[in-house]
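Let me begin by presenting the structure, written as structure tokens, before commenting on it.
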Amino acid sequence: MSIAKDKLADMYEKMMLTRIFEETAAKLFTQGKVHGTAHFCIGEEATGIGVCAALEPQDQIYATHRGHGQSIGKGMDVKRMMAEFLGKATGVCRGKGGCMHIAELAVGNLGANGIVAGGIPIAVGSALSAKMQGLDRVVVDFFGDGAANEGSFHEALNLASIWKLPVLFVCVNNQYGMSMHRTKVMNIENISERAASYGIPGKTVDGNDVLAVYEAVLAADEYARSGQGPSLIDCFSYRWRGHSKSDRNLYRTHEEIDEWKQKCPIRRFKKVLVDAAVMTSDDVEEIDHAAKTAVDRAAEEAQTFPEPSPENMEDEVYAK
């Protein structure tokens, strides 16, 4: 393998952190310790981690509402993330963002948008800013397959292509826009085919293969950084859980879900690492244990943190 062992270990560790973070968060939600709803990316870990592993520290991302893996991939601390998930004052957004709006400018995570496809044109604006300032920075926007049918998707790709902006459009294609399967709303096989309409590269990759995602994004990153403009990457994956915690999964079968669970991206990557003698079984088990310990400690400590103070509720809230 041409990728350094430390890099591969970091990717595997972050995938495990994402899985355990979300499984733990789901339990806390069931226990009534989380305000509002929650959206989990269990089954999609290879997309967020694979994409972010190919980026430079100065690069920026806009996450989806299902963005815990994207946030961990960009280097966010699970303890502060868990505190934010529980709405605590010590959370990364001081408890004001919650599950869906975790962000941290210091690591280049500019957060999620509550409007479907709303983050895509904003990412184009960030890429325009980087180009105008002459910064060595690439901006990544994550969005779902449902967002690819919104007008802002097409407008944003068109503008970014005209101006050759350093932005990567990454579709986390879990095949369902809430309960609507992609084949019912698209007359194309792959979302990446739409790139041709804007004269930019488009590629569909196996979103459960973290190395395939990494290599595709690395190439697109180099393309954008060299001044050639944006790319569209379609990561074909699947979410094991419902759209949100209120989703009863009535629109798909247990057999379909079980079939995709057999394609688990973490188990698949673990096998690749061990079979290629990059790591031993003991090595990966040690990473598994360390990830669980870190998340368990984060969850335990986060529950002891204070709630946000009403006196500070208007801090960092802007209106025109």
Side-chain angles (χ1 to χ4, degrees), residues 14-49 61-74 76-104 109-116 118-119 142-147 172 174-180 237-252 257 260-261 265-266 291-292 294-305 307-308:
K14 286 177 177 176
M15 289 175 73
M16 279 303 303
L17 279 172
T18 301
R19 175 69 60 86
I20 298 171
F21 179 93
E22 294 211 312
E23 289 176 341
T24 303
K27 291 178 183 177
L28 293 171
F29 185 94
T30 303
Q31 294 168 4
K33 297 179 180 179
V34 179
H35 304 292
T37 188
H39 307 82
F40 297 119
C41 69
I42 295 173
E44 301 177 3
E45 294 88 355
T47 57
I49 305 305
I61 68 166
Y62 284 86
T64 68
H65 55 284
R66 204 179 309 283
H68 300 138
Q70 297 151 18
S71 300
I72 289 172
K74 201 61 176 73
M76 291 183 66
D77 176 65
V78 292
K79 184 184 296 184
R80 296 181 69 208
M81 282 180 61
M82 188 64 77
E84 186 63 34
F85 188 86
L86 294 173
K88 301 296 186 177
T90 51
V92 69
C93 297
R94 298 176 177 83
K96 298 175 181 178
C99 163
M100 189 169 157
H101 296 289
I102 292 176
E104 187 174 18
N109 181 0
L110 303 184
N113 194 292
I115 301 171
V116 175
F142 291 95
F143 58 94
D145 45 287
V172 184
N174 61 32
Q175 307 175 58
Y176 286 92
M178 293 190 72
S179 60
M180 182 65 70
S237 187
Y238 195 84
R239 55 172 166 80
W240 295 5
R241 306 269 178 125
H243 169 74
S244 67
K245 288 297 290 182
S246 60
D247 184 353
R248 296 171 60 195
N249 269 321
L250 299 178
Y251 50 89
R252 53 185 184 169
I257 298 171
W260 275 92
K261 285 184 177 180
I266 296 176
K292 187 176 189 311
V295 174
D296 286 348
R297 185 179 296 120
E300 182 179 349
E301 293 185 15
Q303 293 177 70
T304 68
F305 294 148
E307 301 286 333

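Although no hydrogens or angles enter the test, the distance criterion places a donor-acceptor pair under 3.5 Å between the side chain of D145 and the main chain of N174. A side-chain donor-acceptor contact under 3.5 Å links E84 to the backbone of C93. Without hydrogens or angle criteria, R94 side chain to A89 main chain gives no donor-acceptor distance under 3.5 Å.
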Test side chain to side chain contact (heavy atoms under 4.5 Å, CB included) on F142 and I61; report intermediate values, then the result.
CA-CA 7 Å; F142 291 95; I61 68 166; 4.1 Å; yes

Would you please test Q175 and W260 for side chain to side chain contact (heavy atoms under 4.5 Å, CB included) and show each step?
CA-CA 12 Å; Q175 307 175 58; W260 275 92; 3.1 Å; yes

Show the numbers, then the answer: is there a side chain to side chain contact (heavy atoms under 4.5 Å, CB included) between S179 and H243?
CA-CA 8 Å; S179 60; H243 169 74; over 6 Å; no

Determine whether D247 and R239 satisfy the following criterion, side chain to side chain contact (heavy atoms under 4.5 Å, CB included), listing intermediate values before the conclusion.
CA-CA 12 Å; D247 184 353; R239 55 172 166 80; 4.1 Å; yes

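Two residues are said to be in side-chain contact when any heavy atoms from C-beta on lie closer than 4.5 Å; L28 and M82 meet this criterion. Looking only at side-chain heavy atoms (C-beta outward), I42 and E45 come within less than 4.5 Å of each other. By the 4.5 Å heavy-atom criterion applied to side chains, V92 and D77 are not counted as neighbours.
Listed by chain and residue number, nothing satisfies the side-chain hydrogen bond (donor to acceptor under 3.5 Å, both in side chains) test with H39 (two or more places apart in sequence, or in another chain). Scored by the side-chain hydrogen bond (donor to acceptor under 3.5 Å, both in side chains) test, R241 finds no partners at all (sequence neighbours excluded). Under the side-chain hydrogen bond (donor to acceptor under 3.5 Å, both in side chains) criterion, R297 pairs with no residue, sequence neighbours left out.
By the 30° and 60° cut-offs, the orientation of the rings of H68 relative to F85 is perpendicular.
Remark: R19 is positioned above the aromatic ring of W240, its terminal NZ or CZ atom under 6.0 angstrom from the ring centre and at most 45 degrees off the axis. Stacking of R252 on the aromatic ring of Y176 is recorded, both the 6.0 Å distance cut-off and the 45° axial limit being met.
A salt bridge is defined here as a Lys NZ or Arg NE, NH1 or NH2 lying under 4.0 Å from an Asp or Glu carboxylate O, and E104 with R80 meets this definition.
Residues A38 and C99 come closest through the heavy atom pair CA-SG, 3.6 Å. Closest approach of G242 and Y251 over heavy atoms only: CA-OH, 4.3 Å. Shortest non-hydrogen contact noted between F21 and V295 is CA-CG1, 3.8 Å. Shortest non-hydrogen contact noted between A299 and T24 is CB-CG2, 3.8 Å. The two residues V78 and A294 make their nearest non-hydrogen contact at CG2-O, 4.4 Å. Across all non-hydrogen atoms, the minimal contact from A83 to T90 is CB-OG1, 3.8 Å.
Taking CZ of R66 as the reference point, atom CD of E44 lies at 6.0 Å (rounded to 0.5 Å). Taking CG of L86 as the reference point, atom CE of M81 lies at 11.5 Å (rounded to 0.5 Å). Taking CD1 from I72 and CD1 from I102, the interatomic distance works out to 8.5 Å, rounded to the nearest 0.5 Å.
Within 6.0 Å of NZ in K79 there are 12 or fewer heavy atoms belonging to other residues, nucleotides or ligands. Enclosure of atom NZ in K245 by more than 12 non-hydrogen atoms of other residues, nucleotides or ligands within 6.0 angstrom is indicated. The number of heavy-atom neighbours closer than 6.0 Å to CD of E301, taken from other residues, nucleotides and ligands shown, is above 12.
If you check the side chains of N109 and Q70, you find no donor sitting under 3.5 Å from an acceptor.
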